[in-house]
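To find a chain, count down the sequence lines: A is the first, B the second, and so on, and within it residues start at 1. The shown structure was predicted, so the numbers you read here are calculated from the model rather than taken from an experiment.
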There are 2 protein chains.
Amino acid sequence: MRTIVESSGLPADVYSAECPTRQVLNHIAGKWTILIVDALIDGTMRYTDLARRVQGVSQKMLTQTLRQLEADGFLTRTVHPTIPPRVDYDLTELGRSLAGPIAALREWTEAHINEIEKARQRASK
Amino acid sequence: MRTIVESSGLPADVYSAECPTRQVLNHIAGKWTILIVDALIDGTMRYTDLARRVQGVSQKMLTQTLRQLEADGFLTRTVHPTIPPRVDYDLTELGRSLAGPIAALREWTEAHINEIEKARQRASK
DNA sequence: CAGCATCCCCGTTGATACTG
DNA sequence: CAGTATCAACGGGGATGCTG
C-alpha cells in the first residue's frame, strides 16, 4: 500500500533524499529516540524519571529529543504549575503506534546480542 | 524472555550505557543503516546499486556503514576478482532477521507521514 | 567498478553553570 | 524539579583527488 504525501503529491519514499519521510526516519533513528519512546510504552514518565531510566543521556539531549518528539506529534508534554514544577510525558496515539516497531527493534537487539558479539570476534581476527 | 550477555554475565539491557546492546542499537540507529539493510531485503546488491538506491549517501558513508554492518555480522561482502571489479552485498541470516523490524519501521514512517506533517504544522503555530 | 586517502568544516554532543 | 544558557570539543560527514 502506497502513501501519497499530501504536501508534495508524490509517493512516500524514504530512499528519496528530499522526501519528508527521510527526515522523519532520521529523527526516529536518532541516538536517543528509540530509548525514550520505548521507555514511555508503560505509561507516563516525568523528566527525571526519563533521565534516570535512559542512562548516559545528558540533560541537553534529553530535552532536545523530547521537544523534537513533541513537534513530530509522538508525545505530549504536560506542565503542572506546582512548586516544585512537574512535567509529564506521554505517548500520543501516533506515538503508541510507533512504539510497537521500536520495541521490536529493542527486543531484537537484546535477543541477538550474543550472536552479534561472536560475529565481531570473528571479524576482528 | 531475558537474554544473558555471555561476555559480561549480565542481563541484556539497552537502557544501561555500558551494555553492549546499547552500542549495537546505536549502530542500527545510524543515519544510513536502516536504509541500507532495508535495500538488501530483496536480495544481492552491488556497491553502485546501493549508492544509486540510497539517495544522498556519500561514498565515504556508504563504505563506512557497509563495513560496520559486515563487522556486526549483518551482511557479507563478496569480491569477484574480475575486471572491472565487482562486489556483492548480501544480508546474512542474522541480517535478514533484523530486516523484519527495520522494514516495519520504514513502512510505519511511510504510512504515517501525513499525520506527522499535520502535527508539525500544529506545533509550528 | 569499487573503493581508499586526505582535508576540513560545522553540527551534534557533552560539561558546566545558572534559574524560575 | 525541570529545565535554559553558554562554551568547548569531538567526530560525523562532505568534497575532492587518486588507484588496483
Phosphate OP1/OP2 of C:dC1 contacted by B:Arg46 side-chain N/O (<4.0 Å):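 The answer is no; no side-chain N or O of B:Arg46 sits under 4.0 Å from OP1 or OP2.
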Taking only side-chain nitrogens and oxygens of B:Lys31, does any of them come within less than 4.0 Å of OP1 or OP2 of C:dG11?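 Negative; the distance criterion is not met.
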Just one of B:Arg120, B:Arg122, B:Lys118 clears the salt bridge (charged side-chain N to carboxylate O under 4.0 Å, His left out) bar with A:Asp72, so which one?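 The option that passes is B:Arg120.
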Please state how far atom [atom1] in [X] lies from atom [atom2] in [N], giving the value in whole angstrom units.
X	N	atom1	atom2	value
A:Arg77	D:dT4	CZ	C1'	12 Å
A:Lys60	D:dA8	NZ	P	13 Å
A:Leu66	D:dT4	CG	C1'	15 Å
B:Arg67	C:dA5	CZ	P	10 Å
A:His80	D:dG3	NE2	P	11 Å
A:Tyr47	C:dT19	OH	C1'	14 Å
A:Asn26	D:dG12	CG	P	15 Å
A:Ile83	C:dG20	CD1	P	13 Å

Which residue lies toward the 5' end of DNA chain C, A:Met61 or B:Pro84, if each is placed at its nearest nucleotide?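 The 5'-side residue here is B:Pro84.
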Proximal nucleotide (of C:dG14, D:dG3, D:dG14) relative to the A:Ser58 side chain: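 For the A:Ser58 side chain, the nearest candidate turns out to be C:dG14.
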For the atom pair CD (A:Gln68) and CZ (A:Phe74), what is the distance rounded to the nearest 0.5 Å?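 It comes to 9.0 Å.
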Grouping I, L, V, M, F, W and Y whenever their side-chain heavy atoms are under 4.5 Å apart, do A:Val79 and A:Leu75 come out in a common cluster?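 The answer is yes; both residues are in one hydrophobic cluster.
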Among side-chain atoms of B:Glu110 and A:Thr3, is any donor-acceptor pair under 3.5 angstrom?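 No, A:Thr3 and B:Glu110 have no side-chain donor paired with an acceptor closer than 3.5 Å.
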Let me know, please, whether A:Pro85 or A:Thr63 comes out on the 5' side of the other along DNA chain D by nearest nucleotide.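 Mapping each residue to its closest nucleotide by heavy atoms, the 5'-most match is A:Pro85.
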B:Gln59 near the nucleic acid: base, sugar-phosphate alone, or nothing, with a heavy-atom cut-off under 4.0 Å?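 Base: the residue B:Gln59, judged by heavy atoms under 4.0 Å, touches a nucleobase.
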If you apply the rule side-chain hydrogen bond (donor to acceptor under 3.5 Å, both in side chains), what do you find for B:Tyr15 with A:Asp38, and how did you get there? CA-CA 10 Å; B:Tyr15 291 107; A:Asp38 189 77; 2.5 Å; yes
